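To start, the structure itself, in structure tokens.
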2 protein chains.
Amino acid sequence: MLNVTLKQLRYAEALARHQHFGRAAAACSVTQPALSAQIKDLETMLGSVLFERGARTLRLTAFGEAFVERVGPILRSVDELEDLARAAQDRLIGRLRIGIIPTIAPYLLPVVARNLTDTFEGLDLHVRESLTSKLLEELAEGRLDTAILALPIGEPGLQEVALFDEEFLLVRPLSDANKPVPPQEALRHMKLLLLEEGHCFRDQALSFCETQAPRPREMLDGSSLSTLVQMVGAGMGVTLIPQMAASVETRSAAVALARFQAPQPQRRVGMVWRRTNPLAEQLQQVAQVVRDTTAAWIAEQAGEVEPV
Amino acid sequence: MLNVTLKQLRYAEALARHQHFGRAAAACSVTQPALSAQIKDLETMLGSVLFERGARTLRLTAFGEAFVERVGPILRSVDELEDLARAAQDRLIGRLRIGIIPTIAPYLLPVVARNLTDTFEGLDLHVRESLTSKLLEELAEGRLDTAILALPIGEPGLQEVALFDEEFLLVRPLSDANKPVPPQEALRHMKLLLLEEGHCFRDQALSFCETQAPRPREMLDGSSLSTLVQMVGAGMGVTLIPQMAASVETRSAAVALARFQAPQPQRRVGMVWRRTNPLAEQLQQVAQVVRDTTAAWIAEQAGEVEPV
DNA sequence: CATCGTGATAAGTTTTGCTTATGTTAAACG
DNA sequence: CGTTTAACATAAGCAAAACTTATCACGATG
């Protein structure tokens, strides 16, 4: 089998340009015999002579001309390849596929997406909104680079980093606004509206209410926090929402927000990725951008709810 | 400077295809450490990881995917390069630029061109018709591969091979058809029509007539043998034409052909090329095709002129 | 917990490729 | 017409690259 090397192609191109072994060799930073040998090897492999050596002239054969004509584009493509690498090595660049759970995505995305694409110029951000289980599956299959969800996950193959903690707030009908905040244990007797099965936020809420066995009879499942809040506004019950959703979701509903006394329910939001992902360092940078973006924002939203 | 090799690109492509170091290595006919090392070197040079190694899974990084996507076309181009060489090595193929002098071209070309393109399938024949001096110049400059002209040339850098010898015939007005053929020395007193300056055939004719100094007064210069013959038919004088031109040029003119007694004037037609031309062997084959084609043809034309 | 699959690493050997020095050939020059 | 010069080929020696075999390390799996 033939075994042409890029070196030979570079030498051949130089020789074609300079029409002179010595100068071509100098241009390639090697000595003339080195270049001569490579050209000779190349010609031997090809079975045809590329260069017609005269005593004082060097000229391409017809075949050599056709050959060199094709060599140029090849070498340029290889150079592009090296450029591609150089462009990618320092900062995160190109496609980043990030999954976010539904109780985070709509609130986090608007403030974070802009900062990410500003920080990482040339970043091609792909976001997928799915339940935790599906995100973890896609992460394992390599169809996602990272995911933002509620910690802990506890998968051994996944690296977890915390982004921020946030409280859960009680959402009541506006008519209840001035009532005292019920203690934790009182919740189990109230009509608690929850997200449908599969949302981790549902489990976290149930956990806080110390309601071991879900009682489907009494709870209407909503497919989004937005729906739940509207249901509360209609007097169908109460619900919990994470703090980051508060200002958005309660703006257009007749509901009142209340903060629980300690122990306050809360969740830890974090980012995960495969431990084997070589973009780990860049993903840490992404995590930091999210942290920086959300830190002030979370605090600001907390101030909107009087501590009751 | 980066120094990516084709070998690395081939290994990377194989690894991307097989998703497995061992199998990719086998496909490349090397051992796994060899392939591993090359991939590692490649990644180090690029400054980015191409493959994400899991314990049981191997997956392309986003960068690796973009990289391999570009590698395919490059490797295919290189393979095409090797195909090009294989196609060219056995027989003459591709462009052949051949120069022919005007007193040969129109007669030789029709019978030879067909035979050449039949013999050398895929031959791309380019013919240039010029005077000897211009042909030699173009040959030296590499703008022609070979030339067919009258020998000898005597250039040290040129290889000469004979193709055939041919007589010069006397062209007289038809009214002179039955007169005896004038002896060589009588020609200098006749009104001899010749080609314009620069044609070697002019010099050869003059040489035969032993007319050292051309006498422009008495000679009208024609730019082609065809014109000369027509002038003879109009009674303006006599001329000489090479045998191969005889049947074509005298068919439509009121002239008579006559063969000289010994010593008959003649010329040797041959082929020349640069000694450094690597196509020498193939050019010898071309010469042989021309010889074979013309041998019978010259003899046949000779029979048309009675030996007087 | 032991085993297996898989890639990384180590040591040793072959191959490649480079450099310096010298040979060869043909054109150019006096 | 012999000498010089230009230019590529060849030779010898050496350094670096690349391959092979053998072994290690690690995580998944039963």
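Keep in mind the model is a prediction, meaning the values are calculated, not measured. In what follows, chains carry the letters A, B, and so on, assigned in the order in which the sequence lines appear, proteins first and then strands, with residues in each chain numbered from 1.
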Say whether, by atom type as modelled, one donor and one acceptor occur between the side chain of B:Arg291 and the main chain of B:Ala162 under 3.5 angstrom. yes
How about CD on B:Gln19, more than 12 heavy atoms from neighbouring residues, nucleotides or ligands closer than 6.0 Å, or not? yes
Contact class for A:Pro156 vs. all strands (heavy atom < 4.0 Å): base, sugar-phosphate, or nothing? nothing
Do any side-chain nitrogens or oxygens of A:Lys40 fall under 4.0 Å of OP1 or OP2 in D:dC8? no
Find the distance A:Glu43:CD to D:dC8:P and express it as a whole number of Å. 13 Å
So, is B:Lys7 close to the D:dA17 phosphate, meaning a side-chain N or O under 4.0 Å from OP1 or OP2? no
For atom CG of A:Leu42 and atom C1' of C:dG17, their distance in whole Å: 15 Å
Can you tell me how far P of C:dA26 sits from CD of B:Glu155, to the nearest Å? 15 Å
How long is the line joining CZ of B:Phe51 and P of C:dG7, in whole Å? 11 Å
Nearest to the side chain of B:Pro33 - C:dA8, C:dT9, D:dA9? C:dT9
Whole-Å distance between D:dA17 C1' and B:Asn3 CG? 11 Å
Just checking A:Gly22: base, sugar-phosphate only, or nothing, at a heavy-atom cut-off of under 4.0 Å? sugar-phosphate
B:Met271 versus B:Glu160: any side-chain heavy-atom pair under 4.5 Å? no
Side-chain ion pair, A:Glu138 and A:Arg274, N-O less than 4.0 Å: no
Closest to the side chain of B:His20, out of D:dC8, D:dT21, C:dG7, is C:dG7
Below 4.0 Å: OP1/OP2 of C:dA8 and any side-chain N or O of B:Ser36: yes
Closest heavy-atom pair, A:Thr103 versus A:Phe201, reported as atoms and distance to 0.1 Å, is CG2-CB, 3.9 Å
Between B:Arg275 (CZ) and D:dC8 (P), how many Å, whole number? 20 Å
N-O pairing of B:Asp79 and B:Arg10 below 4.0 Å: yes
Out of C:dT6, C:dA8, C:dA27, minimum distance to the side chain of A:Arg56 belongs to C:dA27
In whole Å, I'd like the distance from the CD atom of B:Gln19 to the C1' atom of C:dG7. 15 Å
NA contact type, A:Thr31, heavy-atom cut-off 4.0 Å: base, sugar-phosphate, or nothing? base
With respect to the side chain of B:Tyr11, which nucleotide from D:dC8, C:dT20, D:dC19 is positioned closest? D:dC19
Check this one for me: any side-chain N or O of B:Gln32 less than 4.0 Å away from OP1 or OP2 of C:dT6? no
Taking the nucleotide of DNA chain C with the nearest heavy atom to each, does B:Gly157 or A:Gln8 sit closer to the 5' end? A:Gln8
Among D:dT20, C:dT19, D:dA7, which is the nearest nucleotide to the side chain of B:Val30? D:dT20
Whole angstrom value for the distance that separates C1' of D:dT10 from CD1 of A:Ile39: 17 Å
Go through C:dG7, C:dC18, D:dG27 for me and flag the one nearest to the B:Ala55 side chain. D:dG27
Quick one: is A:Gln38 getting a side-chain N or O under 4.0 Å of the C:dT16 phosphate, OP1 or OP2? no
Which nucleotide in the list D:dA22, D:dC8, C:dA27 gets nearest to the side chain of A:Leu58? D:dC8
Taking the side chain of B:Phe21 as heavy atoms from C-beta outward, which of D:dC19, C:dA8, C:dG17 is closest to it? C:dA8
